[in-house]
Amino acid sequence: MIRWILFAILFIIITIYGFQAVRTVTKQTWVYYLFFIVALIVAGNFIYQFAAANEGRVLTTSKSFAFGFLLAFMAFNLVLLPFLIGEDIIRGIIGLYDKFVTKTDTFYVPSRRKFVSQVALGLAAIPFSSLLYGMFKGKYDFRVLKYTLHFEDLPEAFDGYRLTQISDIHSGSFDNREKIEYAVDLINEQESDVLLFTGDMVNNKASEMLPWMDTFGRLKAKDGKFSVLGNHDYGDYVDWNSPKEKAQNLEDLKRIQKDIGFDLLLNESRYLEKDGQRLALIGVENWGKGGFKKAGDLEKASSQIKADDFKILMSHDPSHWEAQVINDPYHYHLTLSGHTHGMQFGIEIPGWIKWSPAKWRYKQWAGIYTELNQHINVNRGFGYLGYPGRVGIWPEITVIELKKGSKSA
């Protein structure tokens, strides 16, 4: 209860302060009423959705949208604050100067300047509109990102071999079947040799995937479809009635993955063969730093392969790469991860800038990274979670072509 009282107080203060810019720009009272009605609906819906929660940290679609609208409204007001506070400081200094230096009889604070509020509102509209766009359009703006990676010890038969990686489906968040059908078709259009899914098929429960089985069952690749588990697949964020119920949920998800054609690797390996040569595909269960589940066992997963095999490792959380993978004597040529979502928010202009708050949490958070002659690709994610949208960090389908040689791209 205390946290909700503190939230309400903070929200009211920020809203009333942000309203000062609106009041300075227009004298239309209907705009004032609209501003406060929106504020009341946004805050009321957020409190209702989250205060009534009865399933642990489960984020339903309605809760996600409540959070998204709150985030957009708060971002709008928080952009206004520096301008208003800065102007108030200047107004206060002017008032004090007039009172004590020019010896005026009364303490007078100048009115707010309309121009300052207009600039502030214009800038505040940018994150506000961007977050709303991300909720209704950006989250389904699928991008195909293509990379070519060169390896001197790649088996000759796999020169030009193409793999498609998807990650973080989060089927429990979907609200537009047409867009998901389009994305599945887009994946198939890449006509890669193998399809690799690096975890988080659901948000919390296996049942979230049931309405989408036919859709994702259409995914195809001539050398097969392989997958691993992500942290959300274990059901750790649900208040289950019993350990048995939680365990059954995981078994249900494993069965669903099998039914839609994925070979789920649980600390296991497979060989992909072509023209008498082969490369090793290794899949570990989730291993993550910072309190995330550590079910991944790299040694066990690689127990059936040889040290001199060419290796592709699937590991959901990229923190595993630096913590255990790159210094392992087995030398994992390419690791495929996801998990970060690029925080679903950032700025990317190829060749110019690549930024997201995710970089404060993960050293490898999106795209290709290389250390010790080993590569990792961190997929930005197919779906979304929490904030029901994407801004600047778009949903990703990765296509990687393996080439034999020394030139690395």
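Because the structure is a prediction, the values reported are computed rather than measured.
Partners of Tyr332 by ring-ring contact (aromatic ring centres under 6.0 Å, His included), not counting sequence neighbours: none found. For Leu10, the side-chain contact (heavy atoms from CB on, under 4.5 Å) partners two or more places apart in sequence, or in a different chain, are Ile14. Scored by the side-chain contact (heavy atoms from CB on, under 4.5 Å) test, Lys225 finds Leu195, Leu219, Phe262 as partners (sequence neighbours excluded). Under the rule for a ring-ring contact (aromatic ring centres under 6.0 Å, His included), the partners of His333 that lie at least two apart in sequence or sit in another chain are Phe310, His331. In terms of the side-chain contact (heavy atoms from CB on, under 4.5 Å) criterion, residue partners of Ala157 (sequence neighbours excluded) are, by chain and number, Lys274, Asp275, Gln277. Ile47 pairs by the side-chain contact (heavy atoms from CB on, under 4.5 Å) definition with Trp4, Phe7, Ala51, not counting sequence neighbours.
Panel note: side chain Asn249, backbone Tyr234; no donor-acceptor pair is recorded below 3.5 Å. Put simply, the side chain of Asp233 gets close to the backbone of Gly230: a donor and an acceptor are under 3.5 Å apart. Side-chain atoms of Asp200 do not come within 3.5 Å of backbone N or O of Ile169 as any donor-acceptor pair. Judged purely by atom type and a 3.5 angstrom limit, Glu245 uses its side chain to pair as donor or acceptor with the backbone of Asn241. Of the possible polar contacts, one joining the Asn176 side chain to the Glu178 backbone as a donor-acceptor pair under 3.5 Å is found. Using modelled atom types, one side-chain atom of Gln165 and one backbone atom of Ser337 make a donor-acceptor pair closer than 3.5 Å. Judged purely by atom type and a 3.5 angstrom limit, His316 uses its side chain to pair as donor or acceptor with the backbone of Thr198. Put simply, the side chain of Asp252 never gets that close to the backbone of Ala206: no donor and acceptor are under 3.5 Å apart. Trp240 contributes a side-chain N or O that, together with a main-chain N or O of Gly235, makes up a donor-acceptor pair within less than 3.5 Å. With Asn379 contributing its side chain and Gly338 its backbone, the two residues share no donor-acceptor pair below 3.5 Å.
Between the side chains of Gln257 and Ser227, at least one donor N or O lies within less than 3.5 Å of an accepting N or O. With hydrogens and angles left out, the side-chain atoms of Thr26 and Gln28 include no donor and acceptor closer than 3.5 Å. No hydrogens or angles considered: nothing links the side chains of Tyr237 and Asn203 as a donor-acceptor pair under 3.5 Å. Between the side chains of His339 and Tyr362, at least one donor N or O sits under 3.5 Å from an acceptor N or O. Donor-acceptor pairing under 3.5 Å is recorded for the side chains of Tyr161 and Asp223. Looking only at atom types and distance, the side chain of Ser269 has no donor-acceptor partner in the side chain of Gln304 under 3.5 Å away. A donor and an acceptor atom, one from each side chain of Gln374 and Thr335, are nowhere located under 3.5 Å apart. A donor-acceptor pair shorter than 3.5 Å cannot be found between the side chains of Glu208 and Ser171.
Put simply, CG on Leu279 and CZ on Arg270 are 14.0 Å apart, with the number rounded to the nearest 0.5 Å. Lys27 NZ to Thr24 OG1: the interatomic distance, rounded to the nearest 0.5 Å, is 6.5 Å. From Asn327, atom CG reaches atom CG of Leu372 across 6.0 Å, with rounding to the nearest 0.5 Å. Here the CG-OG1 distance, from Asn377 to Thr398, works out to 4.5 Å after rounding to the nearest 0.5 Å. Ile16 contributes atom CD1, which lies 8.0 Å from atom CD1 of Ile13 (distance to the nearest 0.5 angstrom). With values rounded to the nearest 0.5 angstrom, Ser192 atom OG is found 9.5 Å from Ile400 atom CD1.
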Intermediate values then yes/no, side chain to side chain contact (heavy atoms under 4.5 Å, CB included), Asn45 and Phe50: CA-CA 9 Å; Asn45 185 45; Phe50 282 83; over 6 Å; no
Applying side chain to side chain contact (heavy atoms under 4.5 Å, CB included) to Asp159 and Lys403, what does each step give before you reach the verdict? CA-CA 5 Å; Asp159 187 22; Lys403 295 294 291 182; 3.5 Å; yes
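Residues Ile368 and Ile376 form no side-chain contact, since every pair of their non-hydrogen atoms from C-beta on lies 4.5 Å or further apart. Side-chain contact check for Pro211 versus Phe174: every heavy-atom pair is 4.5 Å or farther apart.
When each of Tyr140, Trp394, Phe216 is paired with Phe382, the ring-ring contact (aromatic ring centres under 6.0 Å, His included) condition holds for Phe216 and for no other. Just one of Leu281, Val284, Leu196 meets the side chain to side chain contact (heavy atoms under 4.5 Å, CB included) condition when paired with Leu265; it is Leu281.
When the shell of 6.0 Å around OH of Tyr182 is examined, it contains 12 or fewer heavy atoms from other residues, nucleotides or ligands. Heavy atoms of other residues, nucleotides or ligands lying less than 6.0 angstrom from CZ of Arg177 number more than 12. The environment of CG in Asn373 is sparse: at most 12 heavy-atom neighbours from other residues, nucleotides or ligands sit within 6.0 Å.
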Report, one line per pair, each donor and acceptor closer than 3.5 Å where one atom sits in a side chain of residues 342-355; sequence neighbours left out.
{"residue": "Gln344", "atom": "OE1", "partner": "His341", "partner atom": "ND1", "Å": "2.8"}
{"residue": "Gln344", "atom": "OE1", "partner": "Leu385", "partner atom": "N", "Å": "3.0"}
{"residue": "Gln344", "atom": "NE2", "partner": "Tyr387", "partner atom": "O", "Å": "2.8"}
{"residue": "Gln344", "atom": "NE2", "partner": "Gly389", "partner atom": "O", "Å": "2.9"}
{"residue": "Glu348", "atom": "OE1", "partner": "Arg380", "partner atom": "NH2", "Å": "2.9"}
{"residue": "Glu348", "atom": "OE2", "partner": "Arg380", "partner atom": "NE", "Å": "2.9"}
{"residue": "Lys354", "atom": "NZ", "partner": "Ala366", "partner atom": "O", "Å": "2.2"}
{"residue": "Lys354", "atom": "NZ", "partner": "Tyr369", "partner atom": "OH", "Å": "3.4"}

Please output the side-chain donor-acceptor pairs of residues 289-299 that fall under 3.5 Å, not counting sequence neighbours, one pair per line with the distance.
{"residue": "Lys294", "atom": "NZ", "partner": "Gly288", "partner atom": "O", "Å": "2.7"}
{"residue": "Asp297", "atom": "OD1", "partner": "Glu299", "partner atom": "N", "Å": "3.3"}
{"residue": "Asp297", "atom": "OD1", "partner": "Lys300", "partner atom": "N", "Å": "2.9"}

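Contacts classified as side chain to side chain donor-acceptor pair (under 3.5 Å) and involving residues 12-23 (residues at least two apart or in different chains) are given here: Tyr17-Asp88, Gln20-Arg23. Residue pairs meeting the salt bridge (charged side-chain N to carboxylate O under 4.0 Å, His left out) criterion with at least one partner in residues 357-370, sequence neighbours excluded, are Glu322-Lys363, Lys363-Glu371. Among pairs with a residue in residues 125-151, those fulfilling salt bridge (charged side-chain N to carboxylate O under 4.0 Å, His left out) read Lys139-Asp175, Asp141-Arg143, at least two apart in sequence or across chains. Identified under the ring-ring contact (aromatic ring centres under 6.0 Å, His included) test for residues 76-95, with sequence neighbours left out: Phe76-Phe128.
Taking the six-membered ring wherever Trp is involved, the centroid distance between the rings of Phe151 and His375 falls below 6.0 Å.
Salt bridge status for Glu191 with Arg162: absent, with no side-chain N to carboxylate O gap under 4.0 Å.
Gly381 approaches Asp168 most closely through the heavy-atom pair CA-CB, 4.1 Å.
Taking the six-membered ring where tryptophan is involved, the planes of Phe19 and Phe35 are tilted, since the angle between them lies from 30° to 60°.
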